[in-house]
Amino acid sequence: MAACFSFHSDTTPPIHLFLNGSHLKMRTTAVRCLSILLILAVSSAVHACPPSERAALLAFRAALHEPYLGIFNSWTGDDCCNRWHGISCDQVTHRVADINLRGEAEDPIFERAHRTGYMTGYISPEICKLTRLSSVIIADWKGITGEIPRCITSLPFLRILDLIGNRLSGDLPADIGRLRRLTVLNVADNLISGSIPSSLTALTNLMHLDLRNNKFSGRLPRNFGNLRMLSRALLSRNQFSGSLPDSISKIYRLADLDLSQNQLSGVIPSWIGRMAVLATLNLDGNKFSGSIPPSILVSGISDLNLSRNYLTGNLPDVFGQRSYFTVLDLSYNNLKGPIPKSVSEASYIGHLDLSHNHLCGPIPTGAPFDHLEAASFVFNDCLCGKPLKAC
């Protein structure tokens, strides 16, 4: 190989590139050198991403405008698998496997600019030509508009779809249930409307569902419980209506359920207090009525917010060692009667808010009441005792 790439001066005959002066040796060495160069060229082409996928990425980039950070400055050269910002490829097939473009991240490109990202434009359907995609993360760019490409549901290997923090509109693709490998669906903080497609409940591998802060409406699917692998369901700040589907009780892995600030109604079902691993339950800012189910106060739920509903009746006198709350917010309801003395028997209550109800009688003494402020009890009918005025 050294002889193939040696240099000679203007006064040295080219024949001196080769250590043997015979024509046969020259021809043999030349053929060998050409073969090696050809192998290197073919090897380089094999290890580069396919030209069709490079073209698809460039078309995807052409639909977006990022004026401040130069996110796409590295998208040059023939090999999109080689140091293109946010692009990862399969090491064996060299097909594009991941698009990871975040507008807010711990990355030198943001630190140098002293700002978060801002990008306009739309998500081009050309992205669907990258048929081996496993994850698509185009998050927190604040200015990307348009709809989610309908063809996104044709990506058979997609596991993560994260489009949080843009200005996407329209509805979720009706056949999103085709993405059977999907484990994360995050479209929070957009302008997406319409109802949850019925096919979504076919995503039996889904573990994280985040639809927060959009314009979704309609009822939750009756068979929502088909999402058996779901651990987080975050659907707050939308316009969902109707009652809670009983099938939710079958999601045994569900640890975080946030349905706050919607228009949900009906009673809070007792089964919700018997869910094995549910730790966070936010139902605040809805239209739930009826009484608080006792089971919810002696469960594994540690962060419970039922404020700003139409709940009535007495606060159940069931608190005990299984009652452990970092947050217990029952404010802005129509609860009446006394504060149960059993509240003092809870193993822990960090933040308690009973304000803006119709409670009456003396506030119990001892923990947790000895560290609470008056704001936790104000605007009731006739509560008295510390931290309010004496009875």
Looking at every heavy atom in both [X] and [Y], which two are closest together, and how far apart are they?
X      : Y      : value
Ala202 : Gly177 : CB-O, 4.1 Å
Asn357 : Tyr332 : ND2-N, 4.0 Å
Gln321 : Ser347 : O-OG, 3.2 Å
Ala346 : Ser323 : CB-O, 3.5 Å
Arg115 : Leu69  : CG-CD2, 4.0 Å
Ser270 : Ser295 : O-OG, 2.8 Å

For [X], does the [atom1] atom have more than 12 heavy-atom neighbours from other residues, nucleotides or ligands under 6.0 Å away?
X      : atom1 : result
Arg308 : CZ    : no
Arg167 : CZ    : no
Arg150 : CZ    : yes

Any donor-acceptor pair under 3.5 Å from [X] side chain to [Y] backbone:
X      : Y      : value
Asn309 : Phe288 : yes
Asn286 : Leu264 : yes
Asp246 : Ile248 : no
Arg274 : Ile296 : no
Ser231 : Met207 : yes
Asn205 : Arg180 : yes
Asn238 : Phe216 : yes
Asp79  : Cys81  : yes
Asp284 : Ser307 : no
Asn380 : Leu354 : yes

What's the separation between atom [atom1] in [X] and atom [atom2] in [Y], rounded to the nearest 0.5 Å?
X      : Y      : atom1 : atom2 : result
Ile251 : Asn226 : CD1   : CG    : 8.5 Å
Asp381 : Leu335 : CG    : CG    : 11.0 Å
Leu163 : Ile192 : CG    : CD1   : 7.0 Å
Asn166 : Met119 : CG    : CE    : 8.5 Å
Leu254 : Ser249 : CG    : OG    : 10.5 Å
Phe157 : Leu133 : CZ    : CG    : 11.0 Å

Are side-chain heavy atoms of [X] and [Y] found at a separation under 4.5 Å?
X      : Y      : value
Tyr118 : Asp140 : no
Trp141 : Thr120 : no
Pro368 : Val343 : yes
Arg228 : Lys250 : yes
Lys287 : Tyr310 : yes
Ile99  : Leu57  : yes
Leu209 : Leu230 : yes
Leu211 : Val187 : yes

Would you check if there is a donor-acceptor pair between the side chains of [Y] and [X] at a distance under 3.5 Å?
X      : Y      : answer
Thr131 : Arg95  : yes
Ser135 : Asp98  : yes
Thr153 : Asp175 : yes
Ser342 : Asp317 : yes
Asp189 : Asn213 : yes

Would a hydrophobic clustering, with Ile, Leu, Val, Met, Phe, Trp and Tyr connected at side-chain separations under 4.5 Å, put [X] with [Y]?
X      : Y      : value
Trp75  : Tyr122 : no
Leu283 : Leu352 : yes
Ile123 : Ile71  : yes
Ile148 : Leu191 : no
Tyr324 : Leu304 : no

### Task
Starting from the C-alpha separation in whole Å, work towards a yes-or-no answer on salt bridge (Lys or Arg N to Asp or Glu O under 4.0 Å) for Glu104 and Lys142.
CA-CA 10 Å; Glu104 297 178 7; Lys142 308 172 187 68; 3.2 Å; yes
#### Entry: Given Leu220, Asn282, Leu234, the one that forms side chain to side chain contact (heavy atoms under 4.5 Å, CB included) with Leu259
Leu220
### Query
Taking it one step at a time, do Ser52 and Lys129 satisfy side-chain contact (heavy atoms from CB on, under 4.5 Å)?
CA-CA 8 Å; Ser52 60; Lys129 294 181 179 179; over 6 Å; no
#### Entry: Cys pair Cys49, Cys80: SG separation below 2.5 Å
yes
### Task
Run the salt-bridge test on Lys386 and Asp370 with the 4.0 Å N-O cut-off and return the result as yes or no.
no
### Task
Look at the rings of His356 and Phe379 and say which category their plane angle falls in: under 30° parallel, 30 to 60° tilted, over 60° perpendicular.
parallel
### Task
Dump the intermediate steps for side-chain contact (heavy atoms from CB on, under 4.5 Å) on Leu235 and Arg212, then the final yes or no.
CA-CA 5 Å; Leu235 285 74; Arg212 289 175 296 172; over 6 Å; no
### Task
Please step through side-chain contact (heavy atoms from CB on, under 4.5 Å) for the pair Leu227 and Leu200, ending with a clear verdict.
CA-CA 9 Å; Leu227 303 173; Leu200 185 139; 4.0 Å; yes
### Query
Between Asp258 and Arg232, does a salt bridge (Lys or Arg N to Asp or Glu O under 4.0 Å) hold up when you go through it step by step?
CA-CA 8 Å; Asp258 188 353; Arg232 303 190 76 197; over 6 Å; no
### Task
Test side-chain contact (heavy atoms from CB on, under 4.5 Å) on Phe325 and Leu297 and set out the steps.
CA-CA 9 Å; Phe325 295 101; Leu297 301 175; 4.2 Å; yes
